[in-house]
Protein chains: 2
Amino acid sequence: MCCYIVGMNLSVNKSAAQANARPSYHHGDLRQSLLMAAKSLIAEAGIESLSLRKLAERAGVSRTAPYHHFSDKNDLLCAIAAEGFCRRHRAAAQAFDDPNLSPRDKFEQFICGYIQFAAENPEEYELMFGRNIWKQKNSTQELRDVAYPCFQHQLEMIRSWQQCGLIGGDNPLRTSQVIWGTVHGIAKLWIDGIYTDSAQIEEVSLCAVKMFINKTA
Amino acid sequence: MCCYIVGMNLSVNKSAAQANARPSYHHGDLRQSLLMAAKSLIAEAGIESLSLRKLAERAGVSRTAPYHHFSDKNDLLCAIAAEGFCRRHRAAAQAFDDPNLSPRDKFEQFICGYIQFAAENPEEYELMFGRNIWKQKNSTQELRDVAYPCFQHQLEMIRSWQQCGLIGGDNPLRTSQVIWGTVHGIAKLWIDGIYTDSAQIEEVSLCAVKMFINKTA
DNA sequence: GCTCAATTTTGACAGTGTCAAGATGTGTTG
DNA sequence: CAACACATCTTGACACTGTCAAAATTGAGC
């Protein structure tokens, strides 16, 4: 496989399998390419079927090349998860800071948005909250640096909804854990294929909103 | 490895590695032995580290022997999960049918009992509700036959609590999905190691109970 | 006692993550 | 410009996995 020897002008008529062969020995931005390829592979066939070897092949690189950019398979997964937390965090913060929305609307937006995010990116969500990453000492420092503020933000939102009397519960931390558990559980049950009818996830989300909102409010 | 040749009277002074070697070629009840060994292996080191080969070795049998009792690794896992559903179902039904408990007590018992079951048997719970088993067409008919009545029973309990005005929500199915989601989510977040402080799982459960119960009741 | 089916074994294959050692570039210093 | 150091990439190898095919062993029924 000496595809890196060919000059740029000669690398035109090559087999489709080598379509993504790079012109030079050094890839240039392999780390980013690996992340991209990994995300597309995961979206195509699920996390559990992602192997470093298939990933390397798709990136047009040898089996062990990824090890120079990620110490581990776990390290790679953590990096992808971190990206997911950033995306989700931005979206949640944006809705919460929208001055045109009432607290009630924001709460509904949070619940439905969370579950919708998980439903639209099931494999990525599975990765972000899967046991493989968080169990034991598997989580990278980078991942924790991104994820913890995300969790903290949720806590602050819950606290604000409690303060304006929209939702009940005494201890904000416990309340936050319950509500987070609810959206996480609904998302998980749906993603994992336990809820048989998947079309009504929106209805379930709205039902959760109604059950948490104070009737007196 | 001709350990099955030795007569019963000669099989006394053997190495510790062959402690669980059986006296005859045919095991007798290998299927049950495999289930037992699998459960203990899972409890020891988690599901993901369970391999059929290690399992066979612990059962004192060759690598491929399990394939005559389970068509698949997945088949074995489904069988273990089915056992878990039976246990959980019995416990839940027993509490619900206790005539000495008020509806409120039963509800609290259900929420706390569910989460406690998951917390005490994290690996088994992970197996029962893990994606590997339910995703795609992986679930065995046997597993579904055991699990679906379990889900149905939950729905009926929720419906009864709604009818006596203990909890809100209109559509019983949706309400059931939300509450199930809540306990499942709390359990999962704890099992997967995302809640940092694990000692207060009881408090979280009680907070969930309070948030769902109607204030007017 | 012989046959047959159930059960278990050995052999093999493709796939996985990961380490060690060698090959190939790129940049930096004399 | 030459030589060296270093980052990057490759090949080779190892142990481990699930699973199939073919052979071996055993117990039950005629």
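All of these numbers come straight from a predicted model, not from anything done at the bench. These numbers come from the heavy atoms of this one structure, side chains and all, not from hydrogens, waters or symmetry mates.
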Partners passing ring-ring contact (aromatic ring centres under 6.0 Å, His included) against B/F129 (at least two apart in sequence or in another chain):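 For B/F129 the ring-ring contact (aromatic ring centres under 6.0 Å, His included) partners, ignoring immediate neighbours, are B/F85, B/Y125, B/H184.
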For B/Y67, all residues meeting ring-ring contact (aromatic ring centres under 6.0 Å, His included), sequence neighbours excluded: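 B/Y67 satisfies ring-ring contact (aromatic ring centres under 6.0 Å, His included) with no other residue.
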Within residues 66-83 of chain B: residues closer than 4.0 Å to DNA chain C (heavy atoms):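 Nucleic-acid contacts, sorted: B/H68, B/H69.
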Could you tell me the separation between the [atom1] atom of [X] and the [atom2] atom of [N], rounded to a whole number of Å?
X	N	atom1	atom2	value
A/L52	D/dC16	CG	C1'	15 Å
B/L41	D/dT17	CG	P	11 Å
A/R31	D/dA7	CZ	P	16 Å
B/E48	D/dC16	CD	P	18 Å
B/I47	D/dT17	CD1	C1'	17 Å

Salt bridge (charged side-chain N to carboxylate O under 4.0 Å, His left out) contacts in which one or both residues fall within residues 78-91 of chain B, not counting sequence neighbours: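 Pairs touching residues 78-91 of chain B that pass the test: B/K39-B/E83, B/R87-B/E124.
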Pair listing, salt bridge (charged side-chain N to carboxylate O under 4.0 Å, His left out) test, anchored in residues 63-77 of chain A, at least two apart: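 Counting only pairs at least two positions apart or across chains, no salt bridge (charged side-chain N to carboxylate O under 4.0 Å, His left out) contact touches residues 63-77 of chain A.
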Minimum-distance nucleotide to B/L30 side chain [options: D/dC9, C/dT8, C/dG11]: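 When the side chain of B/L30 is considered, C/dT8 is the closest of D/dC9, C/dT8, C/dG11.
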Nucleotide nearest A/S51 (side chain, heavy atoms from C-beta), chosen from D/dG18, C/dT16, C/dG11: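 That would be C/dT16.
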Validation row, ring centre A/W161 to ring centre A/F110 under 6.0 Å: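 Under 6.0 Å, so yes.
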Short side-chain N/O contact to C/dT10 OP1/OP2 from B/S62, under 4.0 Å: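 Result: no.
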Below 4.0 Å: OP1/OP2 of D/dT10 and any side-chain N or O of A/T64: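 It does not, given that no N or O in the side chain of A/T64 lies less than 4.0 Å from OP1 or OP2 of D/dT10.
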Salt bridge present between B/E44 and B/K54 (N-O < 4.0 angstrom):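 Judged by the 4.0 Å cut-off on N to carboxylate O distance, B/E44 and B/K54 do not form a salt bridge.
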Residues which pass salt bridge (Lys or Arg N to Asp or Glu O under 4.0 Å) with B/K210, listed by chain and number, not counting sequence neighbours: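 Residues passing salt bridge (Lys or Arg N to Asp or Glu O under 4.0 Å) with B/K210: A/D170.
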Donor-acceptor pair (no angle test) under 3.5 Å: B/R63 side chain, C/dG11 base: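 Under the 3.5 Å cut-off, the side chain and the base do form a donor-acceptor pair.
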Base of C/dG17 paired with side chain of A/R53 (donor-acceptor, under 3.5 Å):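 Side chain to base: pair found, below 3.5 Å.
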